[in-house]
Amino acid sequence: TMDYNSSTLGWTYQLQNNIDFADCASSYTDGNGWMPVGTSAARFAGNFLGNNKKIKNLYVNRPVTDYVGLFGYITSTAPDINDLGLIDSNIIGKNYVGGISGKSGTINNSYNTGTINGTDKIGGINGNAATINNSYNTGTVNGASTVGGINGNNGTVNYSYNTGTVTGTGSVGGVIGAQGTANYSYNAGTINGPYITGGIMGFYGTVNNSYNEGTVNGVSITGGIGAYGPIVNNSYNSGIINATSGETGGISGNGGTISNSYNTGAVNGTSSIGGITGNAGAIITNSYNTGNVFGTGIFNGGIIGTLGASGIIKNSFSTGSVTGSSSSWAFGIVGQNNGTIMNVYWYDSNALDSVVFGECHK
């Protein structure tokens, strides 16, 4: 009766006992399963106090329905959902799909261990536009675009982590799929996506005081922290970054503003592969790479593969080995430079020669 009418949707609820849906009627464990609380027309606007209880075997099978989770759609100004655990959930929706909420809300001290599947804006905790604090996901998250271990799209995630496997076909992140903010958070799960794939963030977004230690597998535009155009501060990557094509870096795949950050993980790809950033006009300050960089094509460097005309590297260094195939171009700092480089250094005791810069235009 939580969504019985507009009045009950605004009440405060407290969970008094653990709930196992396997003990309920079959309508909750087959067919369409659970009806998410709150829709775009009638949103949940109350408190839900989990009381450190657990909901087990939550089953939702609504592949053509938007706003899917335990809660479907929560008002953006709603009070919190607190202290709730979802164990062995199995949730399938279309767009705006998350373990706890499909869209919006503030979620605190909560977690999901089950499987989340959908198309666009898919997350282990929330699909879109939530604030998430002190929460985690250990379950598997699958989707097409904007897929994240904690939040799918446009959320704020604080002091949270993902250890589950996250897979998508575009804009995939270990914490946030796209265009959000991650603070003091980390990923230790495996992240898979062919295009725009990041250990913490996929497309754009801001990452502060966070880290990735999981393996990130992509095709192109692949990064240890952010994939495309991230703002990264005081963060690091220690995971292995693998791409079958170009624009791949230990921190960013393509572009971004990176400060006081570092990479220690191996970075592998083809062309425009860098220990910090793969390609474009990135601004890199007070950052360093100690991971090994391997590129089979041209323009690969210890800090950046290809630095665009608007790019700047300042007060940074690399001590990682930069290697490649017999036909590749591998250089200590930058593979191709059209930007500005100030106060940088490189050292590799195993280097066959001392070529620091590749093709330079500025």
Would you compute the distance between atom [atom1] of [X] and atom [atom2] of [Y] and round it to the nearest 0.5 angstrom?
X    : Y    : atom1 : atom2 : result
K121 : D66  : NZ    : CG    : 9.5 Å
N51  : Q14  : CG    : CD    : 4.0 Å
S252 : E247 : OG    : CD    : 9.5 Å
I240 : N217 : CD1   : CG    : 9.0 Å
Y184 : Y211 : OH    : OH    : 13.5 Å
N158 : N183 : CG    : CG    : 5.0 Å

Could you tell me whether the side chain of [X] and the main chain of [Y] form a donor-acceptor pair under 3.5 Å?
X    : Y    : answer
N268 : N242 : no
S171 : G177 : yes
S287 : I284 : no
N260 : N233 : no
S210 : S185 : yes
R43  : V37  : no
N18  : K54  : yes

Does some side-chain heavy atom of [Y] sit less than 4.5 Å from a side-chain heavy atom of [X]?
X    : Y    : result
T197 : I191 : yes
T277 : N254 : no
S160 : I132 : yes
N52  : N109 : no
V267 : T248 : yes
F317 : V344 : no
N82  : L49  : yes
I122 : V141 : yes

Aromatic ring pairing [X]/[Y], orientation class (parallel under 30°, perpendicular over 60°, tilted between):
X    : Y    : answer
Y136 : Y161 : parallel
F48  : Y13  : tilted
Y96  : Y67  : parallel

For [X], does the [atom1] atom have more than 12 heavy-atom neighbours from other residues, nucleotides or ligands under 6.0 Å away?
X    : atom1 : result
K314 : NZ    : no
Y195 : OH    : no
Y228 : OH    : no
M2   : CE    : yes
I312 : CD1   : yes

Might you point out which heavy atoms bring [X] and [Y] nearest each other, and give the distance in Å?
X    : Y    : answer
V172 : N192 : CG1-O, 4.0 Å
K103 : A129 : NZ-CB, 4.2 Å
N47  : T12  : ND2-OG1, 2.9 Å
G281 : S310 : CA-OG, 3.7 Å
M201 : A178 : SD-C, 4.2 Å
T270 : S245 : OG1-C, 2.8 Å

Under the side chain to side chain donor-acceptor pair (under 3.5 Å) rule, what do N263 and N237 come out as? Steps first, then yes or no, please. CA-CA 5 Å; N263 172 65; N237 171 68; 2.7 Å; yes
If the test is side-chain contact (heavy atoms from CB on, under 4.5 Å), which one of L70, I100, D20 qualifies with I55? L70
Please collect all side chain to side chain donor-acceptor pair (under 3.5 Å) contacts where either partner lies in residues 143-153, sequence neighbours excluded, each pair once. D120-S145, D120-T146, N126-N151, N128-N153
Taking the six-membered ring for Trp, are W34 and F21 ring centroids under 6.0 Å apart? yes
